[in-house]
Amino acid sequence: MSEAGGNRNRSIAVRLVLMAAGSFAFGFALVPLYDVFCEVTGIGTREQLSRAGSAAGQAPVADRTVVVEFTASVPSGDWEFEPVAATMEVQPGRLYEAHYRARNLSGRATTGQAVPSVAPARAAQYFVKTECFCFTPQHFAKDEEREMAVRFVVDRELPPGIDRLTLSYAFYNVGRS
């Protein structure tokens, strides 16, 4: 191989290593960038979506209803996970409870974690969870199935043009119990 060919190969190898390192760094940068984006747009941070809010000071809006849809996804085949009811009609300002059913299919004791999201994004700040199975990892015995509750209130300040919300959870396997 000629010296020019060796230099070209070395140059390509250096570029590939730099590309891989840049991709790796970009992956780490996405988390803080996502948090900044959520705060700037008013969507709310992952922390806000994953901690308890309060229904204090809320009073039902008698002449308004909002449909809340419940959805679920499971990125791996280790779980069955679904909402017990697909929709619920709610009054802003009133406290409600919905249930999701999960079953461990992994063949061993394991732990799952639900990650919530609310759509449309501009309505996320008005969907307040007071209690939720998503706040802590859920430990399951082998083949265990259970219903898990989420208590929530749709804030009475929800903008008038929004009459439908979707509460969605992705349920991830986070390890053995």
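Along the sequence shown, the residues carry numbers beginning at 1. Quick caveat, the model's predicted, so the values are computed rather than measured.
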Is the shortest heavy-atom distance from the side chain of [X] to the side chain of [Y] under 4.5 Å?
X: E131; Y: F152; answer: no
X: N104; Y: W79; answer: yes
X: D63; Y: V61; answer: yes
X: Y169; Y: C132; answer: yes
X: L167; Y: P83; answer: no
X: Y126; Y: V118; answer: no
X: E89; Y: Y96; answer: no
X: L165; Y: V66; answer: yes

Report the residues that fulfil side-chain hydrogen bond (donor to acceptor under 3.5 Å, both in side chains) with S168, sequence neighbours left out, ordered by chain and then residue number.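 Once residues adjacent in sequence are excluded, the partners of S168 under the side-chain hydrogen bond (donor to acceptor under 3.5 Å, both in side chains) criterion are T71.
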Can you give me the closest heavy-atom contact between [X] and [Y], atom names plus distance?
X: R151; Y: L95; value: NH2-CD2, 3.1 Å
X: A123; Y: L158; value: CB-CD1, 4.0 Å
X: H99; Y: E97; value: NE2-OE2, 2.9 Å
X: C134; Y: K129; value: SG-CE, 3.7 Å

Checking V90 against T65 for the side chain to side chain contact (heavy atoms under 4.5 Å, CB included) test, could you report, in this order, the C-alpha distance in whole Å, the side-chain angles of both residues, the deciding distance, and whether it holds? CA-CA 5 Å; V90 303; T65 59; over 6 Å; no
Would you please say whether a donor-acceptor pair under 3.5 Å links the side chains of Q91 and R156?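 Per modelled atom types, Q91 and R156 side chains form no pair under 3.5 Å.
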If two hydrophobic side chains count as joined below 4.5 Å and joins carry through other members, does M88 share a cluster with I162?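 Yes, it is one cluster - the side chains of M88 and I162 are joined through contacts under 4.5 Å.
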Any link between L105 and Y172 through a network of hydrophobic side chains (Ile, Leu, Val, Met, Phe, Trp, Tyr) touching at under 4.5 Å?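 Cluster IDs for L105 and Y172 differ.
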Are the side chain of Q138 and the backbone N or O of F133 linked by a donor-acceptor pair below 3.5 Å?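 Yes.
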Please check this pair: side chain of E69 against backbone of V67, looking for a donor-acceptor N/O pair closer than 3.5 Å.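 Not at all, since once roles are kept as given, no pair shorter than 3.5 Å links the two residues.
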Do E144 and K142 meet the salt-bridge criterion of a basic N to acidic O distance under 4.0 Å?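 Looking at E144 together with K142, the answer is no, because their closest N to O distance does not fall below 4.0 Å.
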Pair V153, F127 - check side chain to side chain contact (heavy atoms under 4.5 Å, CB included), show working. CA-CA 6 Å; V153 61; F127 191 91; over 6 Å; no
List the steps and the verdict of side chain to side chain donor-acceptor pair (under 3.5 Å) for S76 and N173. CA-CA 8 Å; S76 74; N173 194 22; 5.4 Å; no
Go through the steps for E82 and F70 under the test side chain to side chain contact (heavy atoms under 4.5 Å, CB included), then give the verdict. CA-CA 9 Å; E82 63 190 4; F70 303 100; over 6 Å; no
When the ring centroid of F171 is compared with that of Y100, is the distance short of 6.0 Å?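 Between Y100 and F171, which both carry aromatic rings, the centre distance is not below 6.0 Å.
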Taking the six-membered ring of F81 (Phe, Tyr or Trp), confirm whether the NZ or CZ of R103 is under 6.0 Å from its centre and within 45° of its axis.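 Judged by the rule, R103 and F81 form no cation-pi pair.
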